[in-house]
Amino acid sequence: MRRTRILTAVLALAAGLLAGTPPALAADSPAKVSLAADTYTWKNARIDGGGFVPGIVFNRKEKNLAYARTDIGGAYRWQQSTKTWTPLLDSVGWDDWGHTGVVSLASDSVDPNRVYAAVGTYTNSWDPKNGAVMRSSNRGASWQKTDLPFKLGGNMPGRGMGERLAVDPNRNSVLYLGAPSGKGLWRSTDSGVTWAQVANFPNVGNYQQDPGDTSGYASDNQGIVWVTFDESTGTSGNATKTVYVGVADLQNSVYRSTDAGATWTRLAGQPTGYLAHKGVLDAANGYLYLSYSDKGGPYDGGKGQVWRYATATGTWTNISPVAEADTYYGFSGLTVDRQKPGTVMATAYSSWWPDTQIFRSTDSGATWTRAWDYTSYPNRANRYTMDVSSSPWLTWGANPSPPEQAPKLGWMTESLEIDPFDSNRMMYGTGATLYGTENLTNWDSGGQFAIRPMVQGLEETAVNDLASPPSGAPLLSALGDIGGFRHTDLTKVPSMMFTSPNFTTTTSLDFAETNPNTVVRAGNLDSGPHIAFSTDNGANWFAGTDPSGVSGGGTVAAASDGSRFVWSPDGAGVQYTTGFGSSWSASSGIPAGAVVESDRVDAKTFYGFKSGKFYVSSDGGATFTASAATGLPAGDSVRFKALPGAKGDVWLAGGATDGAYGLWHSTDGGASWTKLSNVDQADAIGFGKAATGASYQTLYTSAKIGGVRGIFRSTDKGASWTRINDDAHQWGWTGAAITGDPRVYGRVYVSTNGRGVIYGDSSDTGGGTDPTDPTDPTPTGACAVTYKVTNQWSGGFQADVRLTNTGAGAWTGWALGWTFPNGQTVSQTWNAETAQSGATVTAKNVNWNANVAAGSSVSFGFTGSWSGTNGKPTAFKLGDQNCPIT
């Protein structure tokens, strides 16, 4: 992840979620409001990684149980059988979008089923909500939440330090949480249900990256940054006596309690002038290792040291792998080998050039070796090999000169962990991926250890725009930090991101509707052009020329035939060109900063929107005229699109809660608009292949309809809507972009702010499954059931159930019953309401998924407990109707 990630997605969120708009009038039209369930399968368009992984946590009791946290993309659990990661926070909804930022994770070493996550993305005004501690008793399959009286900063400066959240390894009902913003140290004594500040902790921290930052981002006090228990000072069931705490204070960075938190003292003799990023205890040898940097990270850091503290004698020893005078980086990543006490590793996290560095010692820090060394400058000898064939874009298409190499060993390497059960396995996070090795000890024998991405399933890109052309690649994406991709196969990682030029962030892209080989994208680049063109459907690119004053990508639109383009860049007014941008002319009649789009039929018609006004050009973008229409959202949190195949057919979504907010439709090129009365709020709109027999393309929107936030589909021009996601699949904020696939009915591509590109496929492959009349009879027809255990652990499991209406009539309510064969019990359910009596369970619809059309399905899931055997039910009934198991 690069520096731009801080502001690109965030400022879009701030504008889209926090901006206020004055009241505006809107014309309502009568429309049918009805919600129904459809069965969708949700997956990621594979990119594999794409963002910063600041934390990796192995459970100390159970082999192969590991977690990873991301700064804006949620948390993940390792699946050893497939060597992939499973997302754990997809259930975070729109209103709680900030809870996809994970500032810390803790896995319970007493009860491995328990895991905790401290969540919240920003401590300043960008995130309107406070942070929370999420707790799970089933390894993250489901969660309960305790809201905190302060904010947390999963994407704030200092987020690579930690872990701030820790479970007492002897009395696991006790947890500590280090808070930012001067809120101090917090403790729970009831397994994370309630929290109270540790009133006698003496130092809330004082380090700010930039005290003069008026946004509150870099000026926040980074606070309490890690908690480490000395497990040797406690016994099972009793609170651990000795606890170490790291504080963001250059002069006073480490504190200790020797009486289970009753009193605290500054650790005498400690180094000053540095922040302790990590504190890792080797209880076997009685050493607390500390990695220090003069800055909070994850980007900055110019000097660093590594120290060892003898817990029995209080002796401090400087064991830095490199003399301070020779560092130009800080140290952060820190781990010990639990199988081989005395083996310790550390990272030079802020060594951006020529590469990061990883250090290893097998004698408790007395001597060190490096992952790479210079032979004769600028040539390097590496102790490792690197295979990125599973994620080839990690080379960035670069061919650097020595001593740089492609791919890099990494950057922002603040997380580094040796598997506590396997000395050969080590994982570490970078700003773009998660790497690992399974033959680490080759380092010590003089051989090379093999590094490869261990990131499949962990998707962490922020999505700004999406396009699905009618021919060529099914998906083109505009992404933060890594530019974007052309997906020819959604199940495979593309070979390379967009290059020539390689934007740090792509802000907008478009294709020519009747000539999809012509594609344009605009984006941000520290030095270079901000616009690029392709004539082969995005496979290859060439740069255009910037008009004077351009400072960022803005939005861009291609004429329907690709003959001309209109661009609204940052730093300059709206521009137009014929050809491929070798020269630009200023458009008139439209304000700078307007969002621009093209008509998908008329090559000379373009549209714009700015501050409540809709603009139209009929001369290829040379001149725009403001529409006389009123009642549109007054702010700039608006996204609109023109329908392919119909001139002047435009849909507009957006607004804010203190003004006009919803979905509007125009059939006369924006001269007049009709607001859909059955849509409460809408933030993105897109089109896909029409349902069988339908005369209008399928609509998709990220919206609030019938009081429910979700992803919705309409096959009847917005008269009725189907919610196609469910409460387990919400992905936080999904308002940047949405599009259907013009070639596959039911397929939709959804943007997220940190979980990558999500795509959904419907179980209904041909016709519409949108709501039927609510007076239809209750289910009496045929049915079928699929029951699948999706995850299982000692004493617990997770299952998904799909109920299909195989009859001829629609259902307006359903209740499915079954009996567990081995006495299993249901503990938590989503997308249904369950009741259990003995071994017999009844699952009933919730309000939004009562309606199930003939041939359609509804899905729900649950977690449960078991002992001995976890057999599957052998019979299901819908009322008196037996449902075959498929």
**Worked verdict on Thr504 versus Asp481 for side-chain contact (heavy atoms from CB on, under 4.5 Å)** = CA-CA 5 Å; Thr504 53; Asp481 296 331; over 6 Å; no
**Request:** Walk me through it: do Asp90 and Arg755 pass the test salt bridge (charged side-chain N to carboxylate O under 4.0 Å, His left out)?
**Result:** CA-CA 8 Å; Asp90 284 357; Arg755 269 284 286 121; 2.7 Å; yes
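Closest heavy-atom contact between Leu416 and Thr347: CD2-CG2, 3.7 Å. The two residues Ile72 and Ala462 come nearest to each other via the heavy atoms CD1-CB, 4.3 Å. When all heavy atoms of His487 and Ile47 are compared, the pair lying nearest together is CE1-CG1, 3.8 Å. The minimum heavy-atom distance between Asp71 and Gly154, with the atom names listed, is CB-O, 3.0 Å. Across Arg747 and Asp761, no two heavy atoms sit closer than the pair NE-OD1, 2.8 Å. Residue Pro469 comes nearest to Pro516 through the heavy atom pair CB-CB, 4.0 Å, listed as atom of the first residue, atom of the second, then distance.
For Asp546 and His530, the side-chain atoms include at least one donor-acceptor pair closer than 3.5 Å. Defined by atom type and a distance below 3.5 Å, a donor-acceptor pair is missing between the side-chain atoms of Arg139 and Gln798. Between the side chains of Thr356 and Thr413, at least one donor N or O lies within less than 3.5 Å of an accepting N or O. For the residue pair Thr123/Asp220, the side-chain donor-acceptor check at 3.5 Å is satisfied. Between the side chains of Thr555 and Ser508, no donor-acceptor pair of N or O atoms lies under 3.5 Å.
Residues Met156 and Gln222 form no side-chain contact, since every pair of their non-hydrogen atoms from C-beta on lies 4.5 Å or further apart. Side-chain contact check for Pro180 versus Leu152: some heavy-atom pair is nearer than 4.5 Å. Counting heavy atoms from C-beta outward, Leu475 and Val757 have side chains that approach closer than 4.5 Å. Two residues are said to be in side-chain contact when any heavy atoms from C-beta on lie closer than 4.5 Å; Val638 and Val595 fail this criterion. A heavy-atom distance below 4.5 Å is not found between the side chains of Tyr759 and Asp741. Proximity of Val748 to Ile724: side-chain heavy atoms (C-beta onward) are separated by under 4.5 Å at one or more points. You'll find the side chain of Ile531 reaches within 4.5 Å of the side chain of Val520, heavy atoms only. Inter-residue side-chain proximity for Lys641 and Phe687 is flagged as met; some heavy-atom pair is nearer than 4.5 Å.
Between the side chain of Arg159 and the backbone N or O of Thr121 there is no donor-acceptor pair closer than 3.5 Å. Distance alone, capped at 3.5 Å, places no donor-acceptor pair between the Tyr435 side chain and the Gly410 backbone. Judged by distance alone, with hydrogens and angles left aside, the side-chain atoms of Asn537 form no donor-acceptor pair with the main-chain N or O of Gly472 at under 3.5 Å. Checked by atom type and distance alone, the side chain of Thr461 never pairs as donor or acceptor with a backbone atom of Val463 at under 3.5 Å. Side-chain atoms of Ser477 do not come within 3.5 Å of backbone N or O of Leu479 as any donor-acceptor pair. No donor-acceptor pair closer than 3.5 Å links the side chain of Ser350 to the backbone N or O of Pro298. Of the possible polar contacts, one joining the Thr701 side chain to the Ala684 backbone as a donor-acceptor pair under 3.5 Å is found. When atom types are taken as modelled, the side chain of Ser136 and the backbone of Val115 share no donor-acceptor pair closer than 3.5 angstrom. Listed for the Thr395 side chain is no donor-acceptor partner under 3.5 Å among the backbone atoms of Ala398. When atom types are taken as modelled, the side chain of Thr506 and the backbone of Phe503 share no donor-acceptor pair closer than 3.5 angstrom.
A cation-pi geometry, defined here as NZ or CZ lying under 6.0 Å from the six-membered ring centre and within 45° of its normal, holds between Arg521 and Trp541.
Of the charged side-chain nitrogens involved, at least one lies within less than 4.0 Å of a carboxylate oxygen, so that Asp96 and Lys129 count as a salt-bridged pair. Ion pairing between Glu459 and Arg46 fails under the 4.0 Å rule for side-chain N and carboxylate O. Ion pairing between a basic and an acidic side chain is recognised when a charged N comes within 4.0 Å of a carboxylate O; Asp683 and Lys704 show no such pairing. One finds no salt bridge joining Lys408 and Asp355 here, because no Lys/Arg side-chain nitrogen approaches an Asp/Glu carboxylate oxygen to under 4.0 Å. Glu438 has a carboxylate O that lies under 4.0 Å from a charged side-chain N of Arg452, or vice versa, which qualifies the two as a salt bridge.
Side-chain rings of Tyr217 and Trp126 approach one another, their centers coming within less than 6.0 Å. Ring centroid separation for the pair Tyr40 and Trp42 comes in under the 6.0 Å cut-off.
Distance check: Tyr749 OH to Ser468 OG gives 4.5 Å after rounding to the nearest 0.5 Å. Taken from CG in Asn502 to CE in Met496, the straight-line distance is 9.0 Å, to the nearest 0.5 Å. In this structure, Arg709 CZ and Asp727 CG are separated by 14.0 Å, a value rounded to the nearest 0.5 Å. With rounding to the nearest 0.5 Å, the separation of CZ in Phe52 from CG in Asn155 is 9.5 Å. In this structure, the separation between CE on Met426 and CD on Glu417 is 10.5 Å, given to the nearest 0.5 Å. Interatomic distance, CG of Leu466 versus CD1 of Ile738, reported as 9.0 Å (0.5 Å rounding).
The only member of Trp567, Phe511, Phe498, Phe565 that meets ring pair (Phe, Tyr, Trp, His ring centres under 6.0 Å) when paired with Phe533 is Phe565. Among Arg69, Arg164, Glu163, the single residue meeting the side-chain hydrogen bond (donor to acceptor under 3.5 Å, both in side chains) criterion with Ser104 is Glu163.
Relative orientation of the Trp78 and Trp85 rings is perpendicular, given thresholds of 30° and 60° on the angle between their planes.
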